Structure formats: C-alpha cells, structure tokens
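Read the structure below first, then the notes.
None of these values were measured; they are calculated from a predicted model. The sequence lines fix the lettering, A, B, ..., with proteins before strands; numbering per chain opens at 1.
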Amino acid sequence: MAPKGVWQTISRFLYDVEPEFVDSKYFCAAARKRGYVHNLPIHNRFPLLPLHPHTIHEALPLTRKWWPAWDMRTKLNCLQTCIASAKLTERIRKALEAYEGEPPLAVQKFVLEESRKWNLVWVGRNKVAPLEADEMEMLLGFPRNHTRGGGISRTERYRSLGNSFQVDTVAYHLSTLKDLFPGGINLLSLFSGIGGAEVALHRLGIRLKTVVSAEISEVNRSIMSCWWEQTNQTGNLIHIADVQHLTADRLEQLVKMYGSFDLVVGGSPCNNLTGSNRHHRDGLEGKDSSLFFDYCRILDVVKSLASRYR
DNA sequence: CGGAACATGACCCCTGAA
DNA sequence: TTCAGGGGTCATGTTCCG
C-alpha cells in the first residue's frame, strides 16, 4: 500500500528485481504484508521448526475464554508501532455492558471495526485490550523478553517491535543459505532494528562470522548486543550508528579486516510510505524513507568490493 | 451481456501536541 | 505517556451504458 510508483522505483534501483510480496499471516498469527526484493534462491526453502502458532487462539490461548462467537477473526492485523488508547477500550466495554448476551449488530460492527483497526484481543467479559509487548515479541518470532529490560521504555518497546521483521517469514526466505554457506556468513545488516535478520539466521543454524550492523537507535543497538551476548555468539559484532557513516572507505576497511560480505539485508524506513502517517507521507523522497537510496549505494560498494577481495 | 465507471470497505513498520 | 487525527491504495461490489 505504498504510494503509486514506489515499488517500481525500488525495483529500478535494485537491478530491476521484482519484489516478492509475502504476507506473514502464512507464518504466524498476524498479518504483515511486505515486498521482499531479493536475489536468494527460491527452491527448497524451509520454515523454522517448530512451526509458529497460526491462529490467534493458538498464539494467545488465554483469550479463548472471552472471545465472543460473533468475532470471527482468526488472524491479527499488522502489528504497528502504536496501540489503542485506554479511552477506546473503555468506550467499547461500556458499549457492550449495556446488553445482556449478544449485543445488537450495530454494536458488534463498531467493536469489530475498532478491534481490527487496533488489533484488540479479548481479555475479560466485555473487555478488549491491545497486545502486550511480550505478546508482540512472541508473534514476531523473537525469544521471550528479547526487547525487555536495558532501560527501554514501554513506548520505545512498542515502536521497536512495530518496526521489526517477522522472524519466521524472513527465516523462510534466508533458509536456502544454510547449504550454500556451511561455514557461516559475513553479514552486513542495515537498519537492523532489534535484529530480526540476525535472529532468523541464528535460528536457522547459520553461523554469524562477522556482523556489521547499522542502526540509528541506541536502545535497539543495546538489545542486539544483549542478544549477541546471551546466545554465546562466536563471531564479531560491529555496530555502526548510522548507515550514512558507511562510506566506501569505511566499507573497504571492514572488508579488508573481516573478509567480504556474503549477505546484505535490511528494511529501510517506511514511515513516509505508510498510510498510517497522516503528516509526512512523502513517498520514497521523504526524510526517512529516502535512506533507501543509501541501501542501494552501499549495496553497490559491497558488490564491487566483493569482486576485488575474493 | 460485457465492460467501464463509480461506490464502498478494509487496511496501514504513524506524527505532533499536550 | 497519552491521545486524537486522514487519506491513499487496492479489492470487491454495484450501477450504468452502449
């Protein structure tokens, strides 16, 4: 749902590769429609095991007790960076409380519309609530408490999670690298966030030799460091605070030191593309989304370095 | 009857102000 | 931390017209 022409431009800057459009609802209990522009093999891809829960009821069994029959949702909508206000959930509770048993159709419609819009789940009699950060973490395929602690605030946590990859989805696409790189890979991870790609590769059993990770948010960098520490990684993790610091010289320096990169991965900011943005939906040229062009610049440099340092 | 034109509904990795 | 807040895009359904 990016503005018209954005996907065409993205492909044009990425060697005319067409995006593979994938909805994460086939990998977990929440939708996440994304276009992945990649040059990975597509034969013999395999999912992470054990398979992730595919329905709301499997993923959040405690909600089953309170889930009314007239709410037919089996999948959540896309997990976003913001959650519903307490006022809204209170308004919904009041609207439902006025009736014994099934509410009239108009009320059902209102409640369902708002529940879909804000991804509300049933947590009590006549009571809906937004997802907890823990639950989002689980739905996105991260280890429990991945984004917890380290002084991260509640709102920052929601933001980081809402901006992340869905791990199982990305892992499926990266799975073919396991046979291609039995000794592990050198990874250049741009806009790493909370490390969705890294977690996916780790879960696939692909050794991370050297990871160069560019991420602007300090809390996200610290989340990644903690994970790196806790999973007893044997490789090197190098943080870069800003993709714009990854100049050709800096990249050459890194390649000389650690060897050339086997994989470049990243999702550049989409906040100027999404419909949820009321103020600055400026398309690919927007302040943040234009960092996509840095991705292209860096990819070009990495490709030429790979041919020189083989 | 086929297709163009139009209406409706669902969805969305959110920002700014208080 | 909390809240209020619009609109573009696509899919689907409906009307209209030759």
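- Contacts of A:Trp118 with the nucleic acid, taken as non-hydrogen atoms under 4.0 Å apart, include base atoms.
- Not a single donor-acceptor contact under 3.5 angstrom links the side-chain atoms of A:Arg278 to the base of C:dG7.
- Judged as a salt bridge (charged side-chain N to carboxylate O under 4.0 Å, His left out), and not counting sequence neighbours, the contacts of A:Glu113 are A:Lys109.
- The stretch residues 258-287 of chain A participates, sequence neighbours left out, in no salt bridge (charged side-chain N to carboxylate O under 4.0 Å, His left out) pair at all.
- Counting to the nearest Å, the C1' atom of B:dC12 and the CZ atom of A:Phe21 are 15 Å from each other.
- Within 4.0 Å (heavy atoms only), A:Ser85 reaches sugar-phosphate atoms of the nucleic acid but no base atom.
- Note on residues 79-95 of chain A: pairs passing salt bridge (charged side-chain N to carboxylate O under 4.0 Å, His left out), not counting sequence neighbours, are A:Glu90-A:Arg93, A:Glu90-A:Lys94, A:Arg93-A:Glu97.
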Restricting both atoms to N or O, compile the protein contacts to nucleotides 16-18 of chain B shorter than 3.5 Å, with distance only.
from   : atom 1 : to       : atom 2 : distance (Å)
B:dG16 : OP1    : A:His280 : NE2    : 2.4

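- Of the C1' atoms belonging to C:dA11 and B:dC13, the separation is 22 Å, rounded to the nearest Å.
- Residue A:Lys87 is in sugar-phosphate contact alone, with no base atom involved, counting any heavy-atom pair closer than 4.0 Å across all strands shown.
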* Would you write the dot-bracket representation of DNA chain C, where each base gets (, ), [, ], | or . depending on whether it forms a Watson-Crick or G-U pair under 3.5 Å and with which partner? => |||||.||||||||||||
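- Listed by residue number, A:Arg34 are the residues of residues 24-35 of chain A with a heavy-atom contact under 4.0 Å to DNA chain B.
- Atoms CG (A:Asn220) and P (B:dC13) sit 17 Å apart, rounded to a whole Å.
- The nucleotide whose nearest atom lies closest to any side-chain atom of A:Met1 is, among C:dT9, C:dT1, C:dA4, C:dT9.
- The residue A:Cys82 sits close to a base: some heavy atom pair falls under 4.0 Å.
- For A:Pro130, the side chain to side chain contact (heavy atoms under 4.5 Å, CB included) criterion is met by A:Ile83, A:Thr89, A:Leu120, not counting sequence neighbours.
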Distance-only donor-acceptor pairs under 3.5 Å for side chains of residues 54-62 of chain A, two or more places apart:
from    : atom 1 : to      : atom 2 : distance (Å)
A:Thr55 : OG1    : A:Glu58 : N      : 3.1
A:Glu58 : OE1    : A:His54 : N      : 3.1

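- For the salt bridge (charged side-chain N to carboxylate O under 4.0 Å, His left out) condition, no pair includes a residue of residues 194-216 of chain A, sequence neighbours left out.
- Residues that satisfy the ring-ring contact (aromatic ring centres under 6.0 Å, His included) test with A:His202, not counting sequence neighbours, are A:Trp227.
- Pairs of residues two or more places apart, or lying in two chains, never qualify as salt bridge (charged side-chain N to carboxylate O under 4.0 Å, His left out) while including a residue from residues 30-42 of chain A.
- Heavy-atom distances under 4.0 Å link DNA chain B to A:Arg159, A:Gly162, A:Asn163 of residues 159-173 of chain A, given in residue order.
- Closest approach to the A:Arg154 side chain among C:dC3, B:dC13, C:dT2 is made by C:dT2 (side chain taken as heavy atoms from C-beta onward).
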